[in-house]
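Ligands are counted one by one from 1 in listed order, and the atoms in each one are counted from 1 as well. Count residues from 1 along the sequence. Since the structure is predicted, the reported quantities are computational estimates derived from the model, not experimental observations.
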Amino acid sequence: MSTATVSAQGLLPEVVSFLSKPLHKAFINGEWVEAGNGETFDVVDPGSGDKIATVTSLQKCDVDKAVDAAVAAFEGSGWAKMPVNERSAMLHRIADAIEDRKAIFSQIESLDCGKIYSQAEEDVQNFIDTFRYFADLAQTVNYRNVIAVKHHEAWVARHPWGACGFIIPWNFPFLLAGWGLGPALAAGNTCVLKPAEDTPLSALYLCHMIQELDLLPAGVLNVVTGYGETAGAAVANNPKFRRMSFTGSPEVGRLVAEACGRNLVPIKCELGGKGAAVVFDDVDISETAQKLVNAITFHTGQVCCDATRWLIHRNIYDKFVSECVERMKLVQIGYQMDPGSQMGPVVNTKQRERVLGYLEKGVADGAELVLEGGAKKVAGRNGYYVKPALLAGSLSNVAAREEIFGPVAFLAPFASEEEGIRLANDTDYGLGNSVWSRDLARCARVAEAFESGNGWINAHNVVVHGVPYAGVGKSGMGGGVVSPETLNDYLRPISVVRPL
Ligand code: NAD
């Protein structure tokens, strides 16, 4: 099948057919499975407020069967023992098949999470790139390292761990599924993926494709749908996993990590952020203002590593802020699949209330509302739209300290390099900060001084396959994603020693 052309008017026939299923079931052991108790939940298009799917809501006993299937597939399907080049070829075949259906996946993703269509396309491409990156990398790993030690023959062998669990959020559903599944599968593990209840559809479509084209042995990939407190908690608490990966809020991350701690299941957590952009007075003001406006309005600010605290050198503060205000007013807010839209809705009513609530709380805590923001009506659509907003004031303000997860930036001036670094680091989070200046030596100094997993220069939200992406503090623990180290995380080392 070749990539279908998206008609300007509507959805592709494949997408219509997928969405017309009366019930979307979970994918366990290569079969479509309903919750034993028949419970379901609805999935809504955030841009229109319309229901687009009904999905089975798995309970603990259903999820446990998925974990058992993953364990059995690890032991018996041949996946874990398959020669690495054969396994890599299978992952490349999955990447090829997604590429052939890129428009279908992109429409599903755009509809499901309210993402601007072109950004959904980028996410689908990112999944493809992730699978290819880890499929290729897996073929370069040294699976047996001889160690030269006196009076002993010794080596370290690396094997896959077993069944791995993945709990992911709603902001980048398909991209994050790729970041988790790519390295785990490439290393020979089997997987149980729990998508967020708001956005399970692209993962389910992936399973349809894999089943239709017979791309993986049964049980190697299982997708369990349901609410966090039931299906998610069942994944978190299952002791049969050999590794767990959680991406989401620090609050839920703590719960999942506690459960894994009790079972001694190793876990990595990719959590929230409160990133800073430190802008020096030698920048091109218009260009930098536009880039930061682009960053905070990208996916309606629902980006973990976003630049949410804009620290501007006091020499350019007033001019920079007025440029940002003018540019933010120009952002076209609209339905995510309309070609003219630059910023779509937030994911649900809860998220809209959260964003609007932080504007109120910020002002009550003393912040100045530089650009008002607020709810936004989009003609003919009953979705969850908000306008971008700018707050300014003391960085001890609640809106400067807590993660809002919307198109809201907090502005503050700084006077020296030392102060810029200090303010950027004055947060519990530590995911991604950026420095903006023509002086690249200063940029390098400042970027390295950030207490975060990532320091970016003259750009924000930069994630590149091959470069580790991780958080520190409240932003994450246990390793990170998309780099060679990530593949190693999914390989269990065993030291073999023979005294001579
Ligand atoms: P969330 O923590 O509410 O939910 C994430 C996942 O956890 C969902 O699948 C949910 O169903 C599940 N869950 C909820 N309660 C659970 C429980 N008790 N036990 C087990 N699982 C449970 O997060 P969200 O609102 O979906 O996503 C937004 C958050 O994710 C933000 O904090 C954002 O910064 C973070 N995030 C981080 C990264 C990163 O790479 N660091 C990437 C994307 C998003």
Pi-cation contact, F105 with K102 (under 6.0 Å, within 45°):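 So K102 doesn't make the cation-pi contact.
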
Charged tip of K350 within 45° of Y384 ring normal and under 6.0 Å: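 No; the conditions do not both hold, so K350 does not lie above the ring face of Y384.
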
Would you mind checking which non-hydrogen protein atom is closest to [atom], with the distance to 0.1 Å?
atom: atom 37 (C) of ligand 1; result: L271 O, 3.0 Å
atom: atom 36 (N) of ligand 1; result: C304 CB, 3.5 Å
atom: atom 25 (O) of ligand 1; result: W170 NE1, 3.0 Å
atom: atom 10 (C) of ligand 1; result: E197 OE1, 3.7 Å
atom: atom 1 (P) of ligand 1; result: S249 OG, 3.6 Å
atom: atom 40 (O) of ligand 1; result: E270 CB, 3.5 Å
atom: atom 27 (O) of ligand 1; result: P169 CB, 3.2 Å
atom: atom 32 (O) of ligand 1; result: E403 OE1, 2.7 Å

Over 12 foreign heavy atoms within 6.0 Å of CD, E448: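 Open: at most 12 neighbouring heavy atoms sit under 6.0 Å from CD of E448.
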
Residue E360 excluded, over 12 heavy atoms near CD under 6.0 Å: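 12 or below, so no.
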
Look at [atom] and find which of [options] reaches it with the closest heavy atom.
atom: atom 6 (C) of ligand 1; options: T230, I168, L176; value: I168
atom: atom 22 (C) of ligand 1; options: L431, V252, V481; value: V252
atom: atom 17 (C) of ligand 1; options: A196, G228, P250; value: G228
atom: atom 20 (C) of ligand 1; options: P200, G232, A231; value: G232

Decide whether [X] and [Y] meet the rule of one side-chain donor and one side-chain acceptor closer than 3.5 Å.
X: S202; Y: E109; answer: yes
X: W32; Y: Q211; answer: yes
X: D45; Y: Y335; answer: yes

Per-atom contacts, ligand 1 versus [X] - under 4.0 Å to a heavy atom:
X: L255; value: 18 (N)
X: N171; value: 43 (C), 44 (C)
X: Y469; value: 40 (O)
X: P195; value: 9 (O)
X: V256; value: 20 (C)

Whether [Y] and [X] form a salt bridge (side-chain N of Lys/Arg under 4.0 Å from carboxylate O of Asp/Glu) is what I want to check.
X: E403; Y: K274; result: no
X: R132; Y: E99; result: yes
X: R243; Y: D489; result: no
X: D426; Y: R401; result: yes

Contact with ligand 1 for A233, non-hydrogen, under 4.0 angstrom: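 Yes; A233 lies near enough to ligand 1 that a heavy-atom distance drops under 4.0 Å.
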
Proximity flag A259 to ligand 1, non-hydrogen atoms under 4.0 Å: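 Contact absent.
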
Within-cut-off N or O pair, K194 and ligand 1, under 3.5 Å: yes

Within reach of ligand 1, part of F172 (heavy-atom separation under 4.0 Å): neither

Ligand 1-proximal atoms of T247, by part, heavy-atom distance under 4.0 Å: both

Stepwise side-chain hydrogen bond (donor to acceptor under 3.5 Å, both in side chains) check, T130 with N126: CA-CA 6 Å; T130 304; N126 193 293; 3.3 Å; yes

Heavy-atom protein contact below 4.0 Å for atom 4 (O) of ligand 1: no

Exercise: identify the closest heavy-atom pair between V43 and D198: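 Of all heavy-atom pairs spanning V43 and D198, the closest is CG1-O, 3.6 Å.
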
Derivation of the side-chain hydrogen bond (donor to acceptor under 3.5 Å, both in side chains) call for Q119 and D123: CA-CA 6 Å; Q119 294 170 11; D123 287 8; over 6 Å; no

